[in-house]
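As a basis for the values below, the full set of heavy atoms in this structure was taken, side chains included, without hydrogen atoms, waters or symmetry mates.
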Amino acid sequence: MSIYFVLKARLFAVLTIRPNLLNLRLLQSSPIDHSNSNVLTITKSRQFHHPAAGPVLGSSLNTNTRGHLLQILSLNGFKNLHIRICHNIIFKHFSSWIIPGQSYVMGRRKGKKPRVLQGPLQNPELHSFNSLASRSTNFDGSKTNQSKCNSHPKGLKKFQHLSKVPTTINVVVIGTGGPGTSKSILVTTEYSRYMFNCGEGTQRLAAMSKVLRTTAFAKISGLETIFITHKSWENTGGLLGMAMTLEGQKNPDSKTYLSRDISVKAFSKNVPEVKIYGPPNVENIAMMAKKFSVSSNMNIAKGEGVYEDFAVKIEPVRFFKDESQRNKETTSVENPEPAKKRQRRQSDPLVHNSRDVAFAYIITAKAPLPKINVEKCLDAGITIGPMVGMLQRGQSVVLENGRVVHPEEVTDISIADTRPFLVLECPSLEFLPSLSKNKVLQEYITENPEKSFSIVIHMTPASVFNSKDYQLWMKRLHDSTDHLVLNSDAVAADLIRVRDHQARLNLVSKDLFPLLPEIDSGMTIDADLKVDKKDEDDLKTEKPESNFLEKNGKVMMAFSGLHYVCRGKRIGFQVEIDEFNTRNIQQRYLDVPEIKRELDALREKMSATPIIIAEEDEKETEEDCTTKYPKVAFMGTGSSEPNRIRAQSCIVAQLSKHTVVILDCGEDSYGQIYRFFGSAKANRILTKVKAVFISHMHGDHHLGLITLLKERQKAFEEKQKAFSPALLIAPIQMRRWLKFYHTEFEPVTSLLRFVKLQTLLSEYDDGVSLQSGSFEDVSRELNLKEFNPVPVDHCNNAFGVALTHANGFKLVYSGDTRPCDALIKAGEKCDLLIHEATHDDSLLAHAKASKHSTFSEAMDVGKRMNARHIILTHFSQRYPHMTPFFDMTLPKNVGVAFDNMQVCPRTLGHLPKLIPALTELFADELQRLEIKNIKRIREQTEAETEDALKCCVRS
């Protein structure tokens, strides 16, 4: 494969890519036909332009050039690509591709000798900055020489902000593993982040704490590597939501507004790559879930072997469930072979039994750089400048007077715990023999504290962790080793920003927006965990060993706000919890005169028709059956990717005292139910769930299904009730997802009875036996007069539904759809229409392109349907707080849904009255949104004007 760079004087350099070598040489050229489809032009404004694809193939020519070219080369038809340079671009833009190792000639300029540099080409698959700095193999799979890389004067020194060894390393608890919470940790430095396990809701949990973002760099921006300890849904259920969020951060254009030609998707300039390390085929989970996403720009790949960058080295250690697999166990996967073809991989026994292997990870931080002593620098005659950086990196410098200054003359030794730490999950007791005998881990089970672990993070299930054998294995570790435990014995994670938002909503209505149940903080920290000023002074004079190697290790259960400092000023467990006080939060808003005035006016309106809600345990009259039910609780009112305030679609509709149906079940739906109802009531709700309705196969509507069904089974066991499978009402394509989970993870067919929405399609044999149900079963078990699913205008096989209960109440749920005549006909004269309203009216073109509805369109559907009450839901993540009804006159029967909002027939009439108070309560957020809206409209108008002028010039 050759790339031709066309220079002035009709000379060009030929770049020949070989398996492990990069060569550039000067050649004489004949003229090139620039209209050829294989010619890529780099214009004077440093933009890529291609005759066929236009300017969408790239952006400014900078140090990302290598990534853009590699993306272009990956397209079909670019085996021999001519690149025409219309500007005098110096070859230094390409020198950043090179690192030490082998020779090549860089290029010739008039009257000058060819520039010769040293270096092999890095792996072309790694085209982002982080990946460039963290590559571990060359084309042939051999390990790259990292030490030479650090001394190259013109290559990776450009990436000094990435190659700098971090001064701070933290292990941050994201998900505690407690009730309703996944288990996940984030290893953070100033420059990079590494996630271990990514269950449902991880993306939201990682965005909750403002304090940890500042003190421990606990944020997911820049995250490119996720490490999975065991192939289970509990460890991987949040991968899709995480990948979508990372895509939105790196490529905002992927979710911005379509303009001009809505039929053409914007090209993603920065396709984010998420590499997943872990057991065989663990990436298949994310790849399968990706098929249920409307986003096409996600780049999910499988990582192999030892991960290493300028901050850490992460070595996987495998151990097995079946002792007979021990002969296949590799103590190190440092040099993995290239991936085999699919047919050959399927014959690998480890692939067939991927749940029979678990991964532990040994994380070793690179030795910290010495600290520069300013006084010693001044004494040596060194001022602030590049010499300081060279000395800190271990290089000697020569002063103008000829004196050579060595690093040890002007630096101090950094105090840090340089021992590695371990992330571990032992899925069951059957894995314990292999874990105990693992040769790699045995090297760290020693009486020498310097060769032990600083901390072990246990993601082991509670039943295994509390077993006698596992505790004996833990005691073999050195006494100075700390332990962090994430499992079901830990407390649930606290979504502090959701709690803050709910406290604000509670000012508007205590009945519709009840305060969330309190969560035990789990703070059982010893007093010696907090370091006072005296201790900090002592740290400066004490030897490092006296702090890290002679201490007694602690065992800590995870909770929100807990993190472990592996490198930094305060080594050990630390606690950073965001301050939260409901009364203080509410008082802050009550002190605003405009808000106070609106709330007083609202109370005056509602006093005429007070809300009276009977307690669940009270004896119900016949009147209660018609005025109390259905109780509708909104667990998730967002769309697409989850955000901090709005979760993915989920509605819990309690049709009667003993009957519940769930309408859609997005990621972390069970977690939302647990946090809203509390532990005891959540279990009661789950035992009453008779059916789950899935409107269509987009991931934000069904990826929480498996967890909910499993937790429902546990609730029956805890209540000691006879278990009955739930009715799963879904498109027939759901069978594909169920089969995947059934074969890749564990059998789940006993948890459900499948009711396909396409009645005209016959059943087919896909190798998985499912209990089936019918519409008659749905009507009987939910006590319905009518059950009417309706095809709607969204994606293929998307449905809305109209339910008429025996008490006469008619509920219509739209799912995701454009305004749909079939739904209007089915829902005529309904009591409650719950309709999606993804976009505001200014984004009508975007709504049409994505087949969603705008606010006005949803309200018009309710008007045409003659619906008694309308609730808008499924809002774009642009509107996390309050929907912007800019200059709109709202009907008197329209309400807005929020997460953790509950309504019933008695309260539906109050929803429209809340909107003025809600608008004032979130005035600041709405003002910022309106500014963005005005800016977007102005930019769109300017672009349209520019296009019109170009058309006039052409004509």
Side-chain angles (χ1 to χ4, degrees), residues 501-516 586 589-590 594-616 618 620 623-635 637 646 651-655 676-677 805 807-813 829-835 837 855 858-859 862-863 865-873 875 879 881-885 888-923 926:
H501 189 261
Q502 192 73 4
R504 295 167 68 178
L505 291 173
N506 183 258
L507 286 171
V508 177
S509 173
K510 291 180 171 56
D511 298 298
L512 275 66
F513 307 107
L515 295 175
L516 301 181
Q586 294 183 338
Y589 291 98
L590 289 173
E594 293 81 3
I595 296 176
K596 184 71 164 55
R597 183 168 56 251
E598 285 291 345
L599 291 176
D600 290 341
L602 175 63
R603 292 191 185 95
E604 195 171 321
K605 291 178 185 177
M606 297 181 68
S607 61
T609 54
I611 300 174
I612 303 174
I613 300 179
E615 294 296 328
E616 186 171 320
E618 292 182 11
E620 295 178 355
E623 181 183 358
D624 287 332
C625 293
T626 57
T627 60
K628 183 177 178 181
Y629 297 108
K631 289 182 179 178
V632 181
F634 292 84
M635 299 293 98
T637 58
R646 293 190 186 271
I651 300 172
V652 177
Q654 187 170 358
L655 303 181
F676 179 73
F677 291 105
H805 194 258
N807 64 8
F809 192 97
K810 187 173 184 179
L811 168 66
V812 177
Y813 174 58
K829 294 183 179 180
C830 66
D831 294 283
L832 173 61
L833 167 65
I834 302 174
H835 201 287
F855 301 161
M859 289 184 283
K863 181 179 179 182
M865 191 182 289
N866 198 18
R868 186 179 177 188
H869 301 285
I870 305 169
I871 298 181
L872 306 182
T873 187
F875 300 109
Y879 324 120
H881 297 280
M882 177 61 183
T883 48
F885 296 118
M888 292 179 63
T889 302
L890 301 180
K892 295 183 179 180
N893 63 340
V894 173
V896 178
F898 292 85
D899 283 20
N900 305 310
M901 180 181 89
Q902 61 180 8
V903 295
C904 68
R906 288 173 176 169
T907 61
L908 285 172
H910 293 280
L911 287 176
K913 303 174 185 178
L914 307 182
I915 291 179
L918 291 169
T919 301
E920 193 62 51
L921 188 64
F922 296 104
L926 289 173

Problem - Under 3.5 Å: donor-acceptor pair, side chain of Gln586, backbone of Ala503 - result: yes
Exercise for the section: Can you see which heavy atom on Leu602 is nearest to which on Ala917, and at what distance? Expected result: CD2-CB, 4.1 Å
Problem - Aromatic plane relationship, His501 with Phe898 - under 30° parallel, 30 to 60° tilted, over 60° perpendicular - result: tilted
Practice task
Can you see which heavy atom on Asp831 is nearest to which on Gly808, and at what distance?
Solution key: OD2-O, 3.6 Å
Exercise for the section: Using salt bridge (charged side-chain N to carboxylate O under 4.0 Å, His left out) as the criterion, list what pairs up with Lys596, not counting sequence neighbours. Expected result: Asp600
Exercise for the section: Answer yes or no: is there a side-chain heavy-atom contact under 4.5 Å between Pro514 and Gln502? Expected result: yes
Handout entry: Note, Tyr629 side chain near His805 side chain (heavy atom, < 4.5 Å)
Key = no
Completion exercise
Output for pair (Leu833 CG, Thr873 OG1), nearest 0.5 Å, gives 11.0 Å
Problem - Leu914 vs Phe513, side-chain contact (heavy atoms from CB on, under 4.5 Å): CA-CA, chis, key distance, verdict - result: CA-CA 11 Å; Leu914 307 182; Phe513 307 107; 4.0 Å; yes
Practice task
Could you tell me whether the side chain of Leu918 reaches within less than 4.5 Å of the side chain of Leu505, counting heavy atoms only?
Solution key: yes
Practice task
Look up atom CZ in Arg603 and atom CD in Glu598, then write down how far apart they are to the nearest 0.5 Å.
Solution key: 11.5 Å
Fill in the blank from the handout: In this structure, CD1 of Ile595 is separated from OG1 of Thr919 (nearest 0.5 Å) by 11.5 Å
Exercise for the section: Would you mind reporting whether Ile834 and Phe634 have side-chain heavy atoms less than 4.5 Å apart? Expected result: yes
Exercise for the section: With the side chain counted from C-beta on, respond yes when Leu921 and Leu599 share a heavy-atom pair under 4.5 Å apart, and no when they do not. Expected result: no
Exercise for the section: Evaluate the side-chain proximity of Val896 to Tyr879: yes if any heavy-atom separation is below 4.5 Å, no if none is. Expected result: no
Practice task
Please tell me if the side chains of Met882 and Ile915 come closer than 4.5 Å, counting only heavy atoms from C-beta onward.
Solution key: yes
Exercise for the section: Can you sort out the partners of Pro891 under side chain to side chain contact (heavy atoms under 4.5 Å, CB included), two or more places apart, ordered by chain and number? Expected result: Met859, Asn893, Val894
Handout entry: Centroid-centroid under 6.0 Å between Phe885 and Phe855 rings
Key = yes
Completion exercise
So CZ of Phe875 and CZ of Arg646: to nearest 0.5 Å the spacing works out to 5.5 Å
Problem - Closest non-hydrogen atom pair, Pro630 against Pro905 - result: O-CD, 3.4 Å
Completion exercise
Rounded to the nearest 0.5 Å, the CE atom of Met606 sits from the NE2 atom of His910 at a distance of 4.5 Å
Handout entry: Minimum side-chain heavy-atom gap Thr883-Leu872 below 4.5 Å
Key = no
Handout entry: Atom pair NZ/CZ of Lys628 and Phe809 - distance to nearest 0.5 Å
Key = 15.0 Å
